[in-house]
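We're numbering straight along the sequence, starting at 1.
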Amino acid sequence: MKILKSIFIVILIAFSLLVGYVYSLTFQPEGRLDWGQALFLKLVGDNDEQIELLKKMTVQQRSHFTDAVPFNITGLTIDTLKITKDSLTIYVFKPQHLSKNKPVIVYYHGGAFVLPWTNLSVTYAMRLAHAFNAIVVGVDYRVAPEHPFPIPNDDCYATLLWTIQNIEKWEGNPNQIIVAGESAGATFATTVAIKARKENLTNIKYQLLDCPVTYIPFETDAYHKFKRGYFLEETEMLYGVESYLPNKADYTNPLAMPYYADNLSNLPPAVVITSEFDPLKDTGRDYAKKLKEANVPTIHKEVKGMLHCIPGPLNEKDRTELYNQIAKEATIKI
């Protein structure tokens, strides 16, 4: 009994020390991080080496950049199609036993404008399909630096047009479309909505913009506070922007950076998500404000204690709950 008691005490002390250590990690110069985000940040460390490695990869190699991220497609059917002469690939995720004429989400993945479709993209598409109980069309748009602006934007818009013309074959409603994305994908989602409005298309009913970059963030307060040591770092952002927009004249092009659009009125209702410890959060907040000023029904949600797009396996529940909440609030019948 004494041996068992001693072992129990040792385990209890070790556990207490671990909890205390993780708790200490949550205290940052700019505030308190969520414990899961703090531990994730400690585990991933500095990403400069990863960015240097990324620069040397082909697009095919980059598509395997997040192969360690697991996913389980139970409850979904997934169709893979080539939809253009340039072999643009899309993925149609459909929940099993879905009723007819349900809304459709056109999903644009993140990845700093340089990552193609990855395992992480699959997890976002699946989360959307389950949260909204809807068909999701994910697009593997061409990426920079091999394909800079406006090529990925054109791919994203082409996917919207394909969805409008073809999604009834999957029993989806082409007149009830949500455009959604995270990070760079959120940028593409809202630029697609802006272009669709200019083309007098009314199929898009809602925008889900998770941590968008809506203008070049390098002069914002958030950028200077969080550009080092908070997961999304300066080296990655500089590489992403310079790859996507090699011509600096496009830094204020509204087709690339939606904040600069002259008129945002009559866009679909939007939810804009920002994270407290994200160097991009000011661009999302300012875009949400500009949408509201244009009388676009807009909800701005800032998730406290979180890094850019709530990364890591320890906060999967938080991401899922956030999307479930948005699905309930969305001003589109789902």
What distance do [X] atom [atom1] and [Y] atom [atom2] have between them, rounded to the nearest 0.5 Å?
{"X": "Ile78", "Y": "Leu76", "atom1": "CD1", "atom2": "CG", "value": "6.0 Å"}
{"X": "Asn266", "Y": "Asn295", "atom1": "CG", "atom2": "CG", "value": "9.0 Å"}
{"X": "Ile326", "Y": "Ile178", "atom1": "CD1", "atom2": "CD1", "value": "10.5 Å"}
{"X": "Thr187", "Y": "Leu209", "atom1": "OG1", "atom2": "CG", "value": "8.5 Å"}
{"X": "Ser183", "Y": "Asp210", "atom1": "OG", "atom2": "CG", "value": "8.5 Å"}

For the backbone of [Y] and the side chain of [X], can you confirm whether one donor and one acceptor N or O come within less than 3.5 Å of each other?
{"X": "Arg32", "Y": "Gly305", "answer": "no"}
{"X": "Ser275", "Y": "Leu307", "answer": "yes"}
{"X": "Thr118", "Y": "Leu120", "answer": "yes"}
{"X": "His224", "Y": "Phe218", "answer": "yes"}
{"X": "Tyr108", "Y": "Cys156", "answer": "yes"}
{"X": "Asn203", "Y": "Pro174", "answer": "yes"}
{"X": "Arg197", "Y": "Ser265", "answer": "yes"}
{"X": "Thr66", "Y": "Val69", "answer": "no"}
{"X": "Gln28", "Y": "Leu33", "answer": "no"}
{"X": "Gln207", "Y": "Ala180", "answer": "no"}

Residues [X], [Y]: salt bridge by 4.0 Å N-O rule:
{"X": "Arg62", "Y": "Glu146", "result": "yes"}
{"X": "Lys301", "Y": "Glu329", "result": "yes"}
{"X": "Glu276", "Y": "Lys304", "result": "no"}
{"X": "Lys94", "Y": "Glu171", "result": "yes"}

Worked check of side-chain contact (heavy atoms from CB on, under 4.5 Å) between Asp318 and Val303
CA-CA 10 Å; Asp318 297 282; Val303 286; over 6 Å; no
Tell me, which pairs form a ring pair (Phe, Tyr, Trp, His ring centres under 6.0 Å) where one or both residues lie in residues 47-105, sequence neighbours left out?
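Sorted result for residues 47-105: Tyr91-Trp117.
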Applying ring pair (Phe, Tyr, Trp, His ring centres under 6.0 Å) as the test, list every pair that has at least one member in residues 245-268; sequence neighbours left out.
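Those involving residues 245-268 are Tyr215-Tyr259.
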Decide yes or no for [X] and [Y]: does some side-chain heavy atom of the first lie under 4.5 Å from some side-chain heavy atom of the second?
{"X": "Phe226", "Y": "Lys281", "result": "yes"}
{"X": "Phe40", "Y": "Pro311", "result": "yes"}
{"X": "Phe277", "Y": "Met306", "result": "no"}
{"X": "Leu280", "Y": "Cys211", "result": "no"}

Grouping I, L, V, M, F, W and Y whenever their side-chain heavy atoms are under 4.5 Å apart, do [X] and [Y] come out in a common cluster?
{"X": "Leu238", "Y": "Met57", "value": "no"}
{"X": "Ile151", "Y": "Tyr239", "value": "no"}
{"X": "Phe231", "Y": "Val114", "value": "no"}
{"X": "Val44", "Y": "Ile51", "value": "no"}
{"X": "Met257", "Y": "Val241", "value": "yes"}

Quick one, Lys82 with Ser87, criterion side-chain hydrogen bond (donor to acceptor under 3.5 Å, both in side chains). Give me CA distance, side-chain angles, the key distance, then yes/no.
CA-CA 5 Å; Lys82 305 284 187 181; Ser87 295; 5.3 Å; no
Just do the side-chain contact (heavy atoms from CB on, under 4.5 Å) check on Cys309 and Glu182 with the steps written out, would you?
CA-CA 7 Å; Cys309 291; Glu182 84 282 359; 3.8 Å; yes
Kindly write out the residues that satisfy salt bridge (Lys or Arg N to Asp or Glu O under 4.0 Å) with Lys292, not counting sequence neighbours, or none if the list is empty.
none
Taking only residues two or more places apart in sequence, or in another chain, which ones meet Asp155 in a salt bridge (Lys or Arg N to Asp or Glu O under 4.0 Å)?
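Asp155 satisfies salt bridge (Lys or Arg N to Asp or Glu O under 4.0 Å) with Arg142 once adjacent residues are dropped.
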Pairing residues for [X] by the side-chain contact (heavy atoms from CB on, under 4.5 Å) criterion, not counting sequence neighbours:
{"X": "Asp250", "result": "Phe149, Leu245, Asn247, Asn253"}
{"X": "Glu49", "result": "none"}
{"X": "Pro152", "result": "Tyr141, Phe188, Tyr244"}
{"X": "Arg285", "result": "Asp282, His300"}

More than 12 heavy atoms from other groups under 6.0 Å of NZ on Lys55
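Yes, enclosed.
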Can you name the residues that form a side-chain hydrogen bond (donor to acceptor under 3.5 Å, both in side chains) with [X], not counting sequence neighbours?
{"X": "Asn119", "value": "none"}
{"X": "Thr320", "value": "Glu316"}
{"X": "Lys198", "value": "none"}

Give the intermediate values and the outcome of side-chain contact (heavy atoms from CB on, under 4.5 Å) for residues Leu98 and Ile135.
CA-CA 8 Å; Leu98 187 68; Ile135 295 170; 3.7 Å; yes
Selection residues 156-165 - residue pairs positive for side-chain hydrogen bond (donor to acceptor under 3.5 Å, both in side chains), sequence neighbours left out:
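Output for this query is empty, none listed.
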Given Leu88 and Asp140, is the side-chain contact (heavy atoms from CB on, under 4.5 Å) satisfied, shown in steps?
CA-CA 7 Å; Leu88 176 62; Asp140 187 9; 5.6 Å; no
